[in-house]
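Following: one structure in structure tokens, then a few remarks.
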Amino acid sequence: MSMTTAQGFRKYTTDEVWAKLRSYDCVTQMWQSVVREFPESIAIADDGKEYSFAQLDADAAAFRAVLKLEKGAKVGILCANSYDFVKAFLAVTTAGGVAVVLPAQLDAGTVFGCCMKFGLSKLVYQPQLAEKTAVAAAQAKHVELIDVTTTAQGTAPAVVCGADDPCVIMFTGGTTGRSKGALLSNGAVMQGTLNGCYGYPEVFGQRYLLVLPLSHVFGLIRNLMTSLYTGSTLFICRNNKDMFRDIAVFKPTILVLVPALAEMALTLSKKFKRNMLGEELKYIICGAAPVPPYLLEEYRKLGVTVFPGYGLTESANLVSGNPETITKPDSVGLLYPNQEYKLVDGELWLKGKNMMLGYVGEDELQAYEDGWFKTGDLVRIDEDGFLYITGRIKEIIILPNGENVSPAVVEANFNALPFIQDSQVFEDVSESGTHFLALEVVPRMTELAAMNLEDPNAYIMAELERVNKTLLPYERVSRIVIRDTDFERTPSMKIVRYKKCN
């Protein structure tokens, strides 16, 4: 068992930045401090308008008057990525309420179900999403529906909460794979927000572009909250199809992306012979799925540093971040401060300020043991304290001969080939009932095109077979398929794994 501190990140930033990194117990304390320090700076740019920190503070205070919340009241927020969302989220959390973040794509029946399950007293919605509140309006009479554009006379004061007071409920698949509501305290949200500042030479006064959904913890904590904490400007991309157009206009210095989006941007940059993410971009914060070392190296050639990391909704997003991308490209980095961790049979167990208070209305027995949260992730930690993910317990394949195979470990060998974008190792069954390992890969077509190969598929297959022979006998795949389409992906762009064979 070990306790983590911030000192491992100290050497990666300047004295000036380090001195400005302060801990807060709640969102209200952080927000009031930020508004005092950066009142006239632009906090949010959205839909052709810019809002200063002072303006956002005034709008949040006015919306607190609309909400009329009691401390601890649960308020659903049904808003797409927008200034509306930011205003509503800050209004709820600085009023001492609990923001229940509802993905905009939910249907009316599910929105109603969330109202009942989470005990909402109010539901804030955008007018364009009003039809999704129809069932709740008809059947959840105790829930007050509030149009986010509603105005009122005057303002309501902010409420200072304790670090242990609840702050936000986020959807997560958790360690069991079924969607649940993770309840994060004010202290956890603030620790996650602060963690987003560690490991970079520059972090204050940056320009962020938002493309990730704010209903996902990576988008909410690392993209929105860390941007606000650092007095940075957040440009909201309302439609991901406009991402590159918005980048050209806004010229971000930091992007928070999942690997699939970073891969797409790199492919287009190679195709059009220019950096599609803009010449002013310094950093890409990349997570929510494994980040291949290939991306780190290729972006380095463009003058952009990619920082991989690892986190969970249950940990307010951020568990670790990697400031040593050159020397340790396979690592997800150093563990952030104020966490206790231990490895149990290779699985990472966590306690700490950033950890959730629990799942709302769910049996937590599978997730906890003796107060430790069991992440379900298999890891190793090197002599310098850097963390490496080696697989997921629920994805382990047990072969007929009793050998345990981690698909992630095997896939890493194939993904090391520069022309392989993604791969999936899975268990399959032959017509005769024999169980075996199979591999499907998605190639990087731009890499292959640059090689001027006479038969690209034959070359790919030969290289995959070469790598296959280097694996341990029980890890070797018996069938390889080269895909011409991407894998099915989750909303956070993770590969949807095939179901295990019975």
task = Kindly check if the number of other-residue, nucleotide or ligand heavy atoms within 6.0 Å of CD (Glu131) is above 12?
result = no

key: Test item: Val217 and Thr172 side chains (from C-beta on) under 4.5 Å apart, heavy atoms   = no

ask   = Between Leu378 and Ile393, is a side-chain contact (heavy atoms from CB on, under 4.5 Å) present by the stated rule, with each step listed?
value = CA-CA 7 Å; Leu378 298 169; Ile393 288 178; 3.7 Å; yes

ask   = Checking Lys132 side chain against Leu106 main chain: does a donor-acceptor pair fall under 3.5 Å?
value = yes

ask   = Could you go step by step and tell me if Tyr208 and Thr233 meet the side-chain contact (heavy atoms from CB on, under 4.5 Å) rule?
value = CA-CA 6 Å; Tyr208 284 84; Thr233 300; over 6 Å; no

note = Sorted by chain and number, sequence neighbours left out, ring-ring contact (aromatic ring centres under 6.0 Å, His included) with Tyr12 holds for none

message = Restricting to side chain to side chain donor-acceptor pair (under 3.5 Å), what partner residues turn up for Ser82, sequence neighbours left out?
response = Gln126

query = Name the one of Ile146, Val111, Val75 that satisfies side chain to side chain contact (heavy atoms under 4.5 Å, CB included) with Leu123?
reply = Val111

request  = For Thr151, enumerate each residue passing the side chain to side chain donor-acceptor pair (under 3.5 Å) test, keeping only those at least two apart in sequence or located in another chain.
outcome  = none

task = Evaluate side chain to side chain donor-acceptor pair (under 3.5 Å) for Thr4 paired with Tyr341, printing each intermediate quantity in order.
result = CA-CA 8 Å; Thr4 59; Tyr341 72 91; over 6 Å; no

ask   = ring-ring contact (aromatic ring centres under 6.0 Å, His included) with Phe9: which residues, sequence neighbours excluded?
value = Tyr198, Tyr336

ask   = Is there side-chain contact between Val98 and Leu183, with heavy atoms separated by less than 4.5 Å?
value = yes

Residues that Asn354 engages under side chain to side chain donor-acceptor pair (under 3.5 Å), provided they are two or more places apart = Gln339

Donor-acceptor contact present, side-chain Gln29 to main-chain Asp25, <3.5 Å = yes

query = Any chance the side chains of Glu16 and Trp18 put a donor and an acceptor closer than 3.5 Å?
reply = no

query = Taking Ser232 for the side chain and Gln206 for the main chain, is one N or O donor matched with an acceptor at less than 3.5 Å?
reply = yes

ask   = About how many Å separate CG of Asn223 and CG of Leu209, when rounded to the nearest 0.5 Å?
value = 8.0 Å

ask   = Between Glu279 and Lys251, is there a salt bridge with N-O shorter than 4.0 Å?
value = no

inquiry  = Taking the side chain as everything from C-beta on, heavy atoms only, tell me whether Val101 gets closer than 4.5 Å to Leu214.
reply    = no

message = Closer than 3.5 angstrom, by distance alone: can the side chain of Ser320 be matched with the main-chain N or O of Val332 as a donor-acceptor pair?
response = yes

request  = Report the C-alpha separation of Asn322 and Thr325 in whole Å, then their side-chain angles, then the decisive distance to 0.1 Å, and conclude whether the side chain to side chain donor-acceptor pair (under 3.5 Å) test is met.
outcome  = CA-CA 6 Å; Asn322 185 3; Thr325 57; over 6 Å; no

query = Short question: side chain of Asn275, backbone of Gly278 - any donor-acceptor pair under 3.5 Å?
reply = yes

message = Does anything in residues 307-333 form a ring-ring contact (aromatic ring centres under 6.0 Å, His included)? List the pairs, not counting sequence neighbours.
response = Tyr200-Phe307, Tyr283-Phe307

request  = Find the distance between NZ (Lys180) and OG1 (Thr313) and round it off to the nearest 0.5 Å.
outcome  = 9.5 Å

Side-chain donor/acceptor of Asn186 to backbone N/O of Val27, under 3.5 Å = yes

Check: residues 63-73 side-chain donor-acceptor pairs under 3.5 Å, at least two apart:
residue : atom : partner : partner atom : Å
Arg64   : NE   : Ala156  : O            : 2.8
Arg64   : NE   : Pro157  : O            : 3.4
Arg64   : NH1  : Thr94   : OG1          : 2.8
Arg64   : NH2  : Ala156  : O            : 2.9
Lys71   : NZ   : Asp165  : OD2          : 3.2

query = Quick one: side chain to side chain donor-acceptor pair (under 3.5 Å) partners of Asp147, sequence neighbours excluded?
reply = Thr149

message = Using only atom types and a distance under 3.5 Å, with no angle test, would you say the side chain of Ser269 pairs donor to acceptor with the backbone of Met276?
response = yes

ask   = Is there a side-chain contact between Leu184 and Leu357 (heavy atoms, below 4.5 Å)?
value = no

task = Check the pair Asp15, Arg10 against salt bridge (Lys or Arg N to Asp or Glu O under 4.0 Å), reporting the backbone distance first and the verdict last.
result = CA-CA 9 Å; Asp15 291 341; Arg10 176 65 185 86; 2.3 Å; yes

ask   = Glu314 and Tyr359: side-chain donor and acceptor closer than 3.5 Å?
value = yes

key: Phe244: ring-ring contact (aromatic ring centres under 6.0 Å, His included) partners, not counting sequence neighbours   = none

ask   = Do the side chain of Asp107 and the main chain of Thr110 share a donor and acceptor less than 3.5 angstrom apart?
value = yes

ask   = Step by step, would you call Phe487 with Val496 a side-chain contact (heavy atoms from CB on, under 4.5 Å)?
value = CA-CA 7 Å; Phe487 292 106; Val496 176; over 6 Å; no

task = If the plane angle is over 60° it's perpendicular, under 30° parallel, otherwise tilted; pick one for Phe218 and His216.
result = perpendicular

query = Just how far is it from atom OG1 of Thr253 to atom CZ of Phe250, taken to the nearest 0.5 Å?
reply = 7.5 Å

ask   = Do any N or O atoms from the side chain of Asp382 and from the backbone of Phe386 form a donor-acceptor pair under 3.5 angstrom?
value = yes

query = So which pairs with a foot in residues 39-50 pass side-chain hydrogen bond (donor to acceptor under 3.5 Å, both in side chains), sequence neighbours left out?
reply = Asp46-Arg238

query = So, do Val168 and Met225 sit near enough that their side-chain heavy atoms are less than 4.5 Å apart?
reply = no

message = Using the ring-ring contact (aromatic ring centres under 6.0 Å, His included) criterion, which residues pair with Tyr83? Sequence neighbours excluded.
response = Tyr51

Close side-chain approach of Ile285 and Ile254, heavy atoms under 4.5 Å = yes

request  = Without swapping roles, check the side chain of Tyr299 against the backbone of Leu266 for a donor-acceptor pair under 3.5 Å.
outcome  = yes

query = Is the NZ or CZ atom of Lys374 both under 6.0 Å from the centre of the six-membered ring of Tyr368 and within 45° of that ring's axis?
reply = no

query = Heavy-atom count around Asp384 CG within 6.0 Å, excluding the residue itself: above 12?
reply = yes

key: Test salt bridge (Lys or Arg N to Asp or Glu O under 4.0 Å) applied to Asp422 - qualifying residues, sequence neighbours left out   = Arg489

task = First locate atom SG of Cys79, then atom CG of Asp84, and finally report the distance between them rounded to the nearest 0.5 Å.
result = 5.5 Å

key: Pair Arg22, Tyr229: side-chain N/O donor-acceptor within cut-off below 3.5 Å   = no

inquiry  = Looking at every heavy atom in both Val148 and Lys87, which two are closest together, and how far apart are they?
reply    = O-NZ, 2.8 Å

Polar side chain donor-acceptor pair, Gln55 to Ser52, under 3.5 angstrom = no

query = Do Ser185 and Pro166 come within less than 4.5 Å of each other through their side chains, counting heavy atoms only?
reply = no

key: Student check: side-chain heavy atoms of Lys74 and Ile169 closer than 4.5 Å   = yes

